[in-house]
Amino acid sequence: MTLADAPVITAALEVRDLEVAYVVRGVDREVLRGVSFSIAPGEAYGLVGESGCGKSTTAYAAVRYLPDNGKILSGSIHVAGDDVIGMNAEQLRRFRATEASMVYQDPGASLNPSLRVGRQITECFTLLGQSKDEARRSSIAALARVRIAAPESVMDRYPFQLSGGMQQRVVIAMALACNPKLLVLDEPTTGLDATVEAEVLDLVRALRSESDAAILFIAHNLGVIRSMCDRVGVMYAGKIVEEGPSQAVFDDPKHPYTVGLLRSLPRHGIRKTDRALATIPGTLPLIGSALPTCVFVDRCPLASDVCRTEVPPVVQIGPAGDRYTRCHHADRIDDLEVESVTVDIAMLAASEHNPDVLELSHVSKTFRQRGNSIPALVDVDFTLAEGETLGIVGESGSGKSTLARTMLGIETLDQGGDMALDGAHLQGSTSQRSASEKRSMQMVFQNPDSALNRSWSVRRILVRCVTKLTGLKGEEANTRVEQLAAHLRLTPRHLDLKPRQLSGGLKQRVAIARAFAGDPRIVVCDEPTSALDVSVQAAILNLLADLQVEKRTSYLLITHDMGVVRYLADRIAVMYLGRIQEIGLTDDVFNGPHHPYTEALLSSVPSVDGEATLRIRLDGEIPTPANPPSGCVFHPRCPRAIEGVCEVTEPPLLEVAPGHSIRCHIPIEELRILQAK
Amino acid sequence: MSDLGTSAVTGPEAETGGFETEIGGSAPGPVISERKQARRESWRLIRRRPSFIIGSAIVSIWVVCAILGNRITPHHPLDFRAKDSSGLPALHLSPRAAFPFGTDATGRDVLSRVMAGARDVLKIAPMAAILGVLLGVIVGMIMGYLGGWVDLVLSRIVEAFLALPVVLIALLAITTLGRSDWVVVGVVAVLFTPVVARTVRSAVLAERDLDYVTSARLRGETGRFVMFREILPNVSGPIIVELTVRIGYAVFTVATLSFLGAGPPPPSPDWGAQVSEGFRVLGAGIWWTTLFPALAIASLVIAVNLIADSVQSVLDAS
């Protein structure tokens with residue numbers, strides 16, 4: 001077997017049969033159930049899997065950073081041949097100072113907010129025994145190495161004066177200070193915007209060629225892993241179920257779990273009109289629960305009796321000996337069915353010319369803060385047809401959420417704009433709207449934990465909403481809630497539970513049920529799946545699509561996930577600094593020619609399909625709306641800006657094709673030629 | 001057809017541990033323990049803490065004394081007078097087997113008076129604390145939820161109140177309004193209100209921006225409904241802690257007021273009043289008439305704080 005034959009000495013990280021448990025109230029709860037893998041120097045190894053599968057625990061165990069209740073039960077961890085588990089406190093300190101580094105998800109939390117950046121970086125070098133002057137020189141070099149343009153000035157700043165991307169660069173510079181043999185990156189780009197994420201990933205990629213550090217890369221985003229890692233391990237319930245070169249694993253998965261994971265992603269540009277997304281039935285087993293011999297058997301479509309009685313064999317795949325899957329039925333993987341087209345949705349798309357439900361004209365929203373006016377929305381116009389989904393995309397700070405809140409009346413729009421529901425004028429503030437208007441517009445929030453009152457039962461949440469929106473009372477309201485719940489595939493048992501007793505996907509179902517309590521005309525979905533795992537995301541997206549067909553509800557879908565918006569949206573509006581930069585049918589926006597900002601957004605998404613994408617890169621971050629750039633607000637970051645024009649006048653939003661408008665000075669034909677390259 | 005995807009609910013055996021420790025996890029893990037189970041669990045955890053056991057043991061002793069009063073005191077706290085062998089009043093007897101806490105200036109048994117004195121303080125202090133917390137919750141809720149200028153104005157008033165010396169104001173109020181149990185309860189409650197309001201306000205601020213509040217507003221709920229039905233249950237933890245802490249302070253404040261003469265009139269065995277009677281003869285080496293009632297006050301305050309402390313640490317942990 002390759003695993004056993006891998007030469008121990010040369011591996012930068014060698015993990016063998018690692019079993020880790022968390023002690024919860026005196027009981028050991030097993031999280032890792034025998035994890036083995038090794039990373040060669042200079043190699044990047046990715047761990048993927050849904051939350052709770054143990055990928056972060058593996059990473060923390062590798063550098064012995066487990067929380068206090070974490071306990072290594074058995075197995076071995078060697079970094080460059082040194083036994084990490086056997087180290088005493090002093091050895092461990094030296095090991096972390098010189099051999100291994102870690103970069104965490106939130107760069108803001110990794111830096112000390114009250115110390116200047118320079119002091120924090122030089123500390124890394126003085127720790128290695130350098131004098132003050134040496135350390136300062138090394139620090140400047142380290143910052144230059146992570147492509148920070150003016151290292152001296154950055155040294156004098158505090159972390160809060162740097163943008164998220166810059167902070168993460170500083171953290172990476174600190175992690176590389178000791179020239180580590182092992183670099184652990186734990187979701188390093190998860191909190192960052194797509195364009196910034198692309199920038200950071202580019203940097204890590206460039207640094208890889210300069211250093212021979214082995215990288216252990218943890219991410220839930222399969223696209224990121226594919227674009228960054230040589231090899232990948234797919235984790236499920238504390239076991240690596242499949243391992244191999246990332247391209248091979250993602251293109252031709254050999255474990256039923258990997259297959260399910262990949263099929264539940266909206267990819268290859270599929271739309272809701274093509275087919276429903278595949279889902280993985282059941283839920284992740286709880287940490288510490290007793291599992292059958294094959295950890296995935298309860299959710300596996302290929303499962304048979306042998307899966308419950310015998311430990312699945314490690315099946316080598318291909319002649320190279322670099323791939324394996326832990327499955328009894330590796331030979332039957334190709335039998336897994338692909339689900340078919342949903343007919344209803346296909347029909348919906350065919351019936352066009354639906355009446356407009358909502359019309360926004362010249363809607364602006366200006367916040368006032370300490371005497372400054374901050375325009376968060378500027379002159380937004382659009383219509384939303386019955387049964388249509390309008391996707392809103394853009395970086396954080398682009399005004400997506402303000403748009404939703406203004407539509408719903410949580411924020412009141414500025415004078416001069418107008419909103420109309422079914423042709424009738426709509427009051428700006430929720431409190432001034434009529435009961436039927438309130439009933440017409442509801443919202444599904446990003447985070448169900450925050451959206452559901454944690455001290456109410458599901459039944460109380462839904463009954464209250466039904467009563468308030470439809471006027472039904474008592475038994476009638478209760479009956480309606482039960483129908484509603486059944487519709488969203490919630491069982492009566494779920495109704496009497498508190499939100500925290502439900503899984504993330506079920507919670508989001510409750511939140512959707514609440515939004516649909518009064519048969520709304522429009523539902524605003526603000527990142528409805530970004531807090532969920534991919535297999536759950538697929539079920540929720542399918543549910544939203546089904547509900548739409550049946551109820552003819554219109555959606556305003558806010559998301560940063562290009563796959564999701566492409567799957568669900570009929571039309572897409574791209575926002576930047578409170579302005580719509582481009583709006584059009586989904587295919588038009590994706591296929592182009594598109595606004596240079598749309599182009600940048602699309603090319604910044606690392607794809608799990610590995611399709612060649614045009615890469616145009618944006619510098620810097622979105623400017624503050626309080627002080628927007630002159631002319632076209634996008635010009636300072638636009639790689640295609642025309643000097644002398646773009647910084648002077650703001651281009652109008654012009655219709656370049658039927659139903660497709662772009663706010664750009666560059667003529668559409670020229671954009672077509674530029675983007676065809 | 002799409003599949004259920006996520007259909008299972010875990011049983012009560014599910015615990016929180018693993019998910020909290022999955023530090024870098026990208027999304028919230030599934031299902032956490034049953035709420036009732038969790039509440040029972042925290043109660044079990046509280047009961048196991050030594051500080052809670054000691055605290056509640058002391059409090060129970062005083063509660064028993066307060067309820068049974070004269071029926072369990074060795075002597076009558078007001079009428080009994082100790083006599084020596086010649087039948088004369090035995091004043092200021094030092095502690096001995098017959099009078100473990102000694103006797104006071106008029107020959108009354110200090111132990112009996114200390115036991116009986118529990119009633120006065122346990123009648124007034126918890127009531128004052130409960131009323132103060134109630135008012136504080138209302139004011140704090142309004143400040144936190146409405147925000148803006150309402151919060152600004154109320155905050156200034158609260159700060160002004162906090163700047164006043166509690167005991168001085170209480171004395172003034174009692175002198176003006178006349179002394180009765182209700183006046184003491186009312187005055188102490190009003191003086192506690194600003195402190196509680198500040199605690200509640202900050203808890204409400206954290207809740208106010210959660211989406212369930214937005215959702216309630218979207219369906220047209222009134223402010224009162226959102227404040228007291230939606231938000232209140234979610235800030236009950238800090239309020240319970242505040243209540244226990246306030247009871248401790250109330251014991252202390254009520255005793256201080258009695259010491260300063262704003263307590264019940266002389267024959268009453270009130271602790272504060274006993275200390276105040278006793279300490280005049282402290283210089284003459286008669287320490288027992290002061291020490292024992294003072295110890296009683298201290299033991300009750302400390303016991304209540306021990307309970308508050310264990311409640312807080314268990315609520316913080318969960």
Quiz prompt | Positions in residues 130-157 of chain B that reach chain A, provided some heavy atom is under 4.5 Å away | solution = none
Quiz item: Considering residues, nucleotides and ligands other than Tyr249(B), do more than 12 of their heavy atoms fall under 6.0 Å from its OH?
Solution: no
Quiz item: Above 12 or not: heavy atoms from other molecules or residues under 6.0 Å from CG of Asp68(A)?
Solution: no
Self-check item: Top of Val27(A), Thr430(A), Asn221(A) for chain B proximity - count of heavy-atom pairs under 4.5 angstrom
Solution: Thr430(A)
Practice problem: Answer yes or no: is there a side-chain heavy-atom contact under 4.5 Å between Arg464(A) and Phe225(B)? | Solution: yes
Quiz item: Heavy-atom distance under 4.5 Å to chain B: side chain of Leu452(A), backbone, both or neither?
Solution: backbone
Quiz prompt | Side-chain H-bond candidate by donor/acceptor type, Asn447(A) with Asp211(B), under 3.5 Å | solution = no
Self-check item: Segment of Arg514(A) engaging chain B (4.5 angstrom heavy-atom cut-off)
Solution: side chain
Quiz item: For chain A, which residues of residues 216-224 of chain B have at least one non-hydrogen atom nearer than 4.5 Å to it?
Solution: Arg217(B), Leu218(B), Arg219(B), Gly220(B), Glu221(B)
Quiz item: So with a 6.0 Å cut-off around CZ of Arg229(B), is the heavy-atom count from everything else above 12?
Solution: no
Quiz prompt | Check: Asn453(A) side chain, Glu230(B) main-chain N or O, donor-acceptor pair, under 3.5 Å | solution = yes
Quiz item: Under a 4.5 Å heavy-atom cutoff, which of Gln442(A), Met441(A), Arg433(A) has the most pairs with chain B?
Solution: Gln442(A)
